[in-house]
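Have a look at the structure below before the remarks.
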Amino acid sequence: MIDILINVTLLAFLAITSVAILRMTNLFAIVMLYGIFSLLSAGLFVVMDAPDVAFTEAAVGAGISTVLMLATLALTRSRKRGHEGDYEEKPSRAHRPWLPLAVVGITGTALVYGTWDIPGFGDPNAPAQTHVARYYIENTMSDTGVPNMVTAVLASYRGFDTLGEVAVVFTAGVAVLLLIGGRRPKSGAKVKSEGGEDEA
Amino acid sequence: MFIAVSVAILITMGLALARALTGPTTYDRIAAVNMFGTKTVLLIAVLAFLSGSTDLLDIALVYALINFIGVVAALKLVTQKNFHSSEENRREVE
């Protein structure tokens, strides 16, 4: 009962946050709302008993990417283009929302139709539980000696795959550091100060 | 009792979200995000006791740390306009 209430409330907050992100023009506020968004989804993961996913979501979503986006904002402008006077873009008047709306509507309908076949949450007879999960549950401890099954799958059974992922993440980290880290002399482009007020 | 607490936390989360959406100044938003993070930590802690799996408390602690880092980064950006904090840079900005 209380689980349902928490789920519904968190999902409603998620919807409100995403609509607000779409409609805002102040990029700093949008980054702040991104933080709220990933805290909310991490909370939802915790409610659904996936604490390791929630760990990742909180560390990457709320922690690292907020800092990265703020660092990017520090190097660029903190407003969407076309909002301030200099090099303003004309708002495209021939913007017709009907085609994207129809695409989104059809895709959403198809996805909802797809959910009818999904087994219930935590159903022991779901296909995900019946094929390989049993093998891992029975043999993880004797095969690898790692007490946590998820860790055993990631670091031992799929160790080579994880090595590749780590290489990719390392490359991405180096690239990000080259782009926005390090010291750089301040050239002409001064970072505009965010004013005391904005419109939401 | 836990149910009443979690409802109260949800209401507070809603209020913090409203402040983050409407907040006229930057500091309102930062404070709202910080408060939202704190409420998430509290909600997870209450959930841990509600469901009896107290290992969720570790996650609540990690959230508190991450929330702190994010807020410090945001405040640093707002006050110094960049992350390369040397005394010279700061003087130049001001």
Side-chain angles (χ1 to χ4, degrees), chain A residues 1-3 5-6 9-10 12-13 16-17 19-20 23-24 26 28-29 31-36 39-40 42-43 45-47 49 51-52 54-55 58-68 70-71 73-75 78 180-184 186 190-200, chain B residues 2-4 6-7 9-11 13-14 16-18 20-30 32-34 36-37 39-41 43-44 46-48 50-51 53 55-56 58-60 62-63 65-74 76-78 80-84 86 88-89 92-93:
Chain A
M1 161 56 195
I2 186 66
D3 278 357
L5 178 69
I6 291 176
T9 319
L10 289 183
F13 286 164
I16 294 172
T17 313
V19 170
R23 301 201 60 87
M24 274 190 182
N26 182 340
F28 184 83
V31 173
M32 292 288 100
L33 285 180
Y34 277 157
I36 288 185
L39 280 174
L40 274 173
F45 289 142
V46 170
V47 176
D49 272 340
D52 35 353
F55 254 128
V60 175
I64 303 293
S65 61
T66 303
V67 175
L68 285 183
L70 286 174
L73 275 191
L75 294 178
S78 65
I180 65 178
R183 305 181 53 85
R184 64 182 58 215
K186 266 188 104 68
K190 273 214 163 169
V191 181
K192 268 253 167 90
S193 79
E194 143 130 344
E197 78 284 288
D198 57 70
E199 81 291 335
Chain B
F2 285 136
I3 293 178
S6 48
V7 169
I9 290 176
L10 283 179
I11 292 173
M13 282 171 108
L17 185 61
L21 295 183
T22 61
T25 69
T26 306
Y27 296 103
D28 281 331
R29 294 187 199 281
I30 296 176
V33 171
N34 190 9
F36 204 89
K39 294 309 147 210
T40 315
V41 171
L43 185 66
I44 291 172
V46 171
L47 273 177
L50 196 63
S51 63
S53 55
D55 51 334
L56 289 183
D58 295 343
I59 299 184
V62 172
Y63 278 25
L65 290 175
I66 287 168
N67 194 20
F68 179 71
I69 294 173
V71 169
V72 167
K76 197 171 172 191
L77 173 76
V78 170
Q80 303 184 353
K81 308 292 188 297
N82 58 25
F83 284 119
H84 319 298
S86 67
E88 176 190 351
N89 251 345
E92 196 179 332
V93 167

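Just so we're on the same page: letters track the sequence lines, and every chain starts at 1. Computed from a predicted model, the values in this text were never measured in an experiment.
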- Do Ile66(B) and Phe55(A) have side-chain heavy atoms sitting under 4.5 Å apart? no
- Kindly indicate whether the side chain of Leu10(A), heavy atoms from C-beta on, has any atom under 4.5 Å from the side chain of Leu10(B). yes
- Task: Please name all residues satisfying side-chain contact (heavy atoms from CB on, under 4.5 Å) with Phe2(B), sequence neighbours left out, ordered by chain then number.
- Result: Val46(B), Phe49(B), Leu50(B)
- Query: Which residues satisfy the side-chain contact (heavy atoms from CB on, under 4.5 Å) test with Asp58(B), sequence neighbours excluded?
  - Reply: none
Minimum heavy-atom distance [X]-[Y], with the two atoms named:
{"X": "Met24(A)", "Y": "Ala20(B)", "result": "CE-O, 4.4 Å"}
{"X": "Leu70(A)", "Y": "Ala74(B)", "result": "CD1-CA, 3.5 Å"}
{"X": "Ala54(A)", "Y": "Tyr63(B)", "result": "O-OH, 3.1 Å"}

[atom2] on [Y] to [atom1] on [X], rounded to 0.5 Å:
{"X": "Leu40(A)", "Y": "Lys39(B)", "atom1": "CG", "atom2": "NZ", "answer": "14.0 Å"}
{"X": "Leu17(B)", "Y": "Ile36(A)", "atom1": "CG", "atom2": "CD1", "answer": "5.5 Å"}
{"X": "Asn34(B)", "Y": "Met32(A)", "atom1": "CG", "atom2": "CE", "answer": "10.0 Å"}
{"X": "Phe28(A)", "Y": "Arg29(B)", "atom1": "CZ", "atom2": "CZ", "answer": "9.0 Å"}

- Which region of Leu47(B), side chain (C-beta onward) or backbone (N, CA, C, O), has a non-hydrogen atom less than 4.5 Å from a non-hydrogen atom of chain A, or is it both or neither? side chain
- Message: Working note: Leu33(A) + Leu21(B), criterion side-chain contact (heavy atoms from CB on, under 4.5 Å); need CA distance, chi angles, decisive distance, verdict.
- Response: CA-CA 8 Å; Leu33(A) 285 180; Leu21(B) 295 183; 3.9 Å; yes
- In terms of heavy-atom pairs under 4.5 Å with chain B, the winner among Thr66(A), Val46(A), Ile64(A) is Val46(A)
- Message: Can you confirm whether more than 12 heavy atoms, excluding those of Leu68(A), are under 6.0 Å from its CG atom?
- Response: yes
- Under 4.5 Å to a heavy atom of chain B? For Ala42(A) that would be both
